[in-house]
J.: 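After the structure tokens below, expect a handful of questions from me.
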2 protein chains.
Amino acid sequence: MKFESNIGDYLKENEIKPSFQRIKVFEYLVDKMNHPTVDMIYKELVNDIPTLSKTTIYNTLKLFVEHKIVSVVNIEDNETRYDADVSNHGHFKCSKCGKLYDFNYENSNLSIKNLQNFKIEKTHLYLNGICVNCMD
Amino acid sequence: MKFESNIGDYLKENEIKPSFQRIKVFEYLVDKMNHPTVDMIYKELVNDIPTLSKTTIYNTLKLFVEHKIVSVVNIEDNETRYDADVSNHGHFKCSKCGKLYDFNYENSNLSIKNLQNFKIEKTHLYLNGICVNCMD
DNA sequence: TTTCATTTTTGTAATCATTACAAATATATA
DNA sequence: TATATATTTGTAATGATTACAAAAATGAAA
Ligand SMILES: [Mn+2]
Ligand SMILES: [Mn+2]
Ligand SMILES: [Zn+2]
Ligand SMILES: [Zn+2]
């Protein structure tokens, strides 16, 4: 996570005007680190911003993804999730408790055979199974 | 791909009654190997089976997935794709031509640091970039 | 073969996430 | 202040998927 300073500045550094709503959405992502859906973000923020529209959440996340400060996490069908951590990392989903874990991996370890001369731009690694807390 | 014999037998081996529609759907997956969406399967098969319902495609694929003879490929948002190859393999999507490539990789190479004592049941690896045919 | 239960398929309606779009509001500039 | 531009909002439209009940097919008694 290359986010250190305050959120407004971080957005500006990435050529995004830091509106109140945008700051709130990014703040949510950074604070919670929970790979939320649009709905999760909306339900939480509408408490602070009663006039908030779900369209704004969609617009904002789209903008963040375009400016590469947020990445899309596509794990299960029909639930797009978002992540303020845009570094190369994978996700583990526990099939018992449903929790999503981040983990690091080395791209170089993947050693693909069939893809000689392909230019790999991005890797997405998603694992599922049982997390350590759900083991007997 | 552990599919050798005829499709009806293969379905029976997996405790699925081989109805005409089910055979056709599985046949499509095996013949095309194109990771199709529900709609692609429907549009093709409705030529053979004019009374075919899209619901049947959904039902059938759900059944196949439950019986583990078909796996779900979730790459882009809002397009669930299906694969009759349930062996461990990854997918590469070319961002120029859009084609989806299969490739093999070794699970043992993954050796994740942060996930000690986690039980990994399934891995999903998806890469994107430029395929060899689209390179200058 | 007829009867009856069970399974499968079909068609339609409902749901849910996402997008399109235009009006309203806020912000920036002259 | 006046005006242009950017952002937010609300509503309607779209599209994939699911729910559900009726129709059709299948399979096993009788
Ligand atoms: Mn993450
Ligand atoms: Mn495949
Ligand atoms: Zn768990
Ligand atoms: Zn290509």
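Naming: A, B, ... by sequence-line order, numbering from 1 per chain.
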J.: Between dT18(D) atom P and Ile57(B) atom CD1, what is the distance in whole Å?
T.: 14 Å
J.: Which is more 5' along DNA chain D, the nucleotide nearest Asp39(B) or the one nearest Thr55(B)? Just name the residue.
T.: Asp39(B)
J.: Is the backbone of Ile16(A) close enough, under 3.5 Å, to the side chain of Asn14(A) for a donor and an acceptor to pair up by distance?
T.: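 No; judged by distance alone, with no hydrogens or angles, the pair does not exist.
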J.: Looking at dT9(D), I'd like to know if its phosphate oxygens (OP1 or OP2) sit under 4.0 Å from a side-chain N or O belonging to Thr51(A).
T.: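 True: Thr51(A) side-chain N/O within range (under 4.0 Å) of dT9(D) OP1/OP2.
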J.: Any side-chain N or O of Ser19(A) less than 4.0 Å from the OP1 or OP2 oxygen of dA6(D)?
T.: no
J.: Rounded to whole Å, please give me the gap between NZ in Lys54(B) and P in dA19(D).
T.: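 Distance check: Lys54(B) NZ to dA19(D) P gives 17 Å.
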J.: Roughly, in whole Å, what's the span from NZ in Lys24(A) to P in dT8(D)?
T.: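 One finds 14 Å between P of dT8(D) and NZ of Lys24(A), rounded.
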J.: Using OP1 and OP2 only, check whether a side-chain N or O of Thr80(B) sits under 4.0 Å from dT17(D).
T.: yes
J.: Return the value, rounded to whole Å, for the distance between atom NZ of Lys62(B) and atom P of dT18(D).
T.: 8 Å
J.: Using the ring centroid of each side chain, check whether Phe118(A) and Tyr101(B) are separated by less than 6.0 Å.
T.: yes
J.: Please pick, from dT18(C), dT17(D), dT9(C), the nucleotide with the shortest atom-to-atom distance to any side-chain atom of Val38(B).
T.: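 Ranking dT18(C), dT17(D), dT9(C) by closest atom to the Val38(B) side chain puts dT17(D) first.
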J.: Using 4.0 Å as the upper bound for N to carboxylate O, is an ion pair formed by Lys93(B) and Glu79(B)?
T.: yes
J.: Between Tyr58(A) and dT19(C), is there a contact of a side-chain N or O with OP1 or OP2 at under 4.0 Å?
T.: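 Answer is no, no contact under 4.0 Å.
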J.: Taking Arg81(A) for the side chain and His35(A) for the main chain, is one N or O donor matched with an acceptor at less than 3.5 Å?
T.: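 Indeed, once roles are kept as given, a pair shorter than 3.5 Å links the two residues.
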J.: Specify the residue among Lys17(B) and Pro50(B) whose closest nucleotide of DNA chain C lies further upstream toward the 5′ end.
T.: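 Nearest-nucleotide comparison on DNA chain C picks Lys17(B).
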J.: Check the distance between dT10(C)'s P and Gln21(B)'s CD and give it to me in whole angstrom.
T.: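 For the pair Gln21(B) CD and dT10(C) P, the rounded distance is 4 Å.
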J.: Without decimals, in angstroms, what is the distance between Met40(B) CE and dA16(D) C1'?
T.: 15 Å
J.: Between atom CD1 in Ile16(B) and atom P in dT9(C), what is the gap in whole Å?
T.: 11 Å
J.: Would you kindly give the CG-to-C1' distance between Asn59(B) and dA19(D), to the nearest whole Å?
T.: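 Between C1' of dA19(D) and CG of Asn59(B): 11 Å.
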J.: Can you check whether Glu44(B)'s main-chain N or O pairs, donor with acceptor, with Asn47(B)'s side chain at less than 3.5 Å?
T.: yes
